[in-house]
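The structure appears below as structure tokens.
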Amino acid sequence: MKKVSKICCIGAGYVGGPTMSVIADQCPEIQVTVVDINQERIDRWNDKDLDKLPIYEPGLKEIVGANRGKNLFFSTEVDKAIDEAEIIFISVNTPTKTYGKGKGQAADLKFVELCARNIAKVATTDKIVVEKSTLPVRTASAIKSILENTGNQVNFEILSNPEFLAEGTAVNDLLNADRVLIGGDDTPSGQEAKDTLSAIYAHWLPKERILQTNVWSSELSKLVANAFLAQRVSSINAISALCERTDANIAEVSRAIGTDSRIGSKFLNASVGFGGSCFQKDILNLVYISRSFGLQEVADYWEQVIIMNDYQKKRFADHIIATLYNTVSGKKIAFYGWAFKKDTNDTRESAAIYVADALLEERAEITVYDPKVSEERIYADLDYLETRSPEENRRLLKVVKEPMQAAEEAHAIALLTEWDEFKTYDWDTIYEKMLKPAFVFDGRRMLSKETMEKKGFQYYKIGQS
Ligand code: UDX
Ligand code: UDX
């Protein structure tokens with residue numbers, strides 16, 4: 001097993017930044033360099049003011065503050081970092097393709113491929129290359145073939161080490177990981193590489209939580225773990241629709257089934273729909289590879305998880321429109337929350353984007369308040385859909401920095417993210433500011449129906465009639 005003194009990570013994003021910060025924190029003898037082609041992002045990672053870090057994660061700024069400049073570095077000098085490191089993590093983004101073959105489903109690997117070519121170009125000593133990005137199965141072999149065929153007689157071992165951290169709890173998920181998965185070749189040098197990487201995680205995790213597998217199992221397990229998690233959300237959301245038509249209450253059903261130890265209680269919160277950078281993308285990948293192997297039924301089975309999620313977002317928007325007397329044209333609707341879940345400033349695939357888009361199509365006027373998401377991000381999310389012009393998006397949707405300002409003269413409030421602060425608001429004052437009847441549509445099941453109705457609100461909560 002090699003003794004490691006320097007590692008680097010390409011991609012200073014939601015995964016690369018926190019993961020490397022925790023490794024640096026737990027392995028003081030290893031120098032960790034995180035590189036990115038985006039100068040602005042690196043500048044923010046290096047900002048003296050730790051509140052300006054590009055990623056908001058509870059506990060992250062403390063770890064960065066304690067280690068930056070000691071054994072943790074953020075830089076745009078990609079080639080230098082690659083050349084010096086014994087282990088190189090690839091943690092660049094792999095968005096769903098928006099063009100060509102596999103459009104809308106397959107992952108776009110162009111950034112990963114660029115990284116591999118760059119590593120091949122600059123490496124002068126043997127390297128362990130670790131794929132950290134969530135990638136379609138068989139990517140490791142693609143990286144391997146690029147590295148082996150452009151080479152300068154350098155030996156590369158490719159490992160798959162998928163990330164299981166969830167945003168908002170990333171630091172804790174890294175420090176207390178249920179498991180770390182390391183996939184690699186069963187050759188002697190592959191085994192050595194797996195052991196070398198395992199030793200890094202063994203600095204803080206018990207050995208039995210570090211699982212070694214072959215590359216395919218590791219890559220596939222990541223997609224399957226996310227598909228199973230997303231499936232639970234879609235399953236409970238499907239039942240939430242049924243609850244709204246009957247006298248069953250989704251909270252009671254969740255609790256009743258969750259206490260069966262075989263089912264378990266986590267991930268059974270009905271919501272306006274799952275978002276985030278991974279669930280949809282990973283399921284689409286699973287669907288795409290299943291189809292490419294001719295496994296139509298398998299592909300259809302998993303695709304249904306996405307169909308149900310789209311239905312849930314649409315159902316929420318439709319319910320708002322129907323309740324507001326079948327027209328929202330010119331009506332002010334306040335959005336509380338834009339992020340895809342609480343405690344993150346990430347908005348990728350957030351349900352709020354799609355609910356907003358549906359309401360804007362009906363000419364609603366939306367005012368958004370989110371404690372962590374910037375105005376530019378919100379407009380960028382809407383513009384990306386290309387449903388209407390950027391000018392139109394800015395005319396119809398406003399972003400405010402004060403929750404009370406959003407409520408002013410609003411016909412309705414929609415809760416899209418479960419930020420804790422929404423529970424602590426003075427809802428009596430909010431009621432006074434709103435037009436009457438004052439509607440609240442709770443897409444996150446945060447508030448009590450009884451209390452809200454007592455205050456005078458017309459209150460709807462997902463999963464309750
Ligand atoms: C991660 C995983 O890598 C992705 O596969 C998973 O599905 C979602 O989470 P994430 O860290 O969230 O991605 O992505 P992002 O925050 O966009 O960060 C990626 C970074 O890589 C960006 O800062 C980008 O500038 C950088 N990058 C991209 C490079 O440095 N070089 C490139 O060639 C491409
Ligand atoms: C997920 C996986 O949990 C993580 O292991 C993987 O590495 C990356 O993808 P993340 O996308 O950060 O992490 O968030 P997660 O907490 O899984 O939530 C995903 C979405 O599901 C959110 O929009 C969340 O609000 C929603 N959700 C989750 C529900 O609607 N109900 C639930 O019960 C749980």
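Ligands are counted one by one from 1 in listed order, and the atoms in each one are counted from 1 as well.
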Closest protein heavy atom (residue, atom, distance) for [atom]:
atom: atom 2 (C) of ligand 2; value: Asn226 OD1, 3.4 Å
atom: atom 28 (C) of ligand 1; value: Asn93 OD1, 3.4 Å
atom: atom 9 (O) of ligand 1; value: Val15 CG2, 3.3 Å
atom: atom 21 (O) of ligand 2; value: Phe274 CB, 3.3 Å
atom: atom 12 (O) of ligand 2; value: Glu167 N, 2.7 Å
atom: atom 30 (O) of ligand 2; value: Ser271 OG, 2.6 Å

If we set the cut-off at 4.0 Å for heavy atoms, which region of [X] has an atom near ligand 1: side chain, backbone, both, or neither?
X: Ser133; answer: both
X: Val92; answer: both
X: Arg117; answer: neither

Electrostatic pair [X]:[Y] at N-O distance under 4.0 angstrom:
X: Asp47; Y: Arg44; value: no
X: Asp381; Y: Arg377; value: yes
X: Asp310; Y: Lys313; value: yes

Under a 3.5 Å threshold, yes or no: a donor from one side chain and an acceptor from the other, between [X] and [Y]?
X: Thr344; Y: Glu57; result: no
X: Ser254; Y: Arg445; result: no
X: Tyr99; Y: Asp108; result: yes
X: Asp318; Y: Tyr311; result: no

Test of proximity, [X] against ligand 2: N or O pairs below 3.5 Å:
X: Gly273; result: no
X: Phe164; result: yes
X: Lys341; result: yes
X: Val233; result: no
X: Gly275; result: yes
X: Glu163; result: yes

Inset, instruction - Kindly state whether the ring of Trp302 and the ring of Phe228 have centres lying under 6.0 angstrom apart. - result: yes
Inset, instruction - May I ask you to check whether Tyr459 and Phe441 place their ring centers less than 6.0 Å from one another? - result: no
If I take atom [atom1] from residue [X] and atom [atom2] from residue [Y], how far apart are they, to the nearest 0.5 angstrom?
X: Asn118; Y: Ile82; atom1: CG; atom2: CD1; result: 4.5 Å
X: Asp442; Y: Met452; atom1: CG; atom2: CE; result: 7.5 Å
X: Met446; Y: Ser271; atom1: CE; atom2: OG; result: 12.5 Å

Inset, instruction - Kindly confirm or rule out an N or O of Asp282 lying under 3.5 angstrom from an N or O of ligand 1. - result: no
Legend entry - Contact check, Lys342 vs ligand 2, heavy-atom distance below 4.0 Å: no
Legend entry - 4.0 Å heavy-atom contact, Arg444 with ligand 2: yes
Inset, instruction - For atom 31 (N) of ligand 2, state which one of Ile462, Ile236, Asn269, Asn309 supplies the nearest heavy atom. - result: Asn269
Legend entry - Among Cys278, Gly276, Ala170, Ser254, closest by any non-hydrogen atom to atom 8 (C) of ligand 2: Cys278
Legend entry - Residue-ligand contact Arg348/ligand 1, heavy atom below 4.0 Å: yes
Legend entry - Sub-4.0 Å heavy-atom approach of Leu114 to ligand 1: no
Legend entry - Atoms of ligand 1, numbered as shown, that sit under 4.0 Å from any heavy atom of Lys281: 5 (O), 6 (C), 7 (O)
Inset, instruction - State whether the side chain of Arg315 and the backbone N or O of Val272 hold a donor-acceptor pair below 3.5 Å, judged by distance alone. - result: no
Legend entry - Donor-acceptor contact below 3.5 Å, side chain Thr367 vs main chain Ala334: no
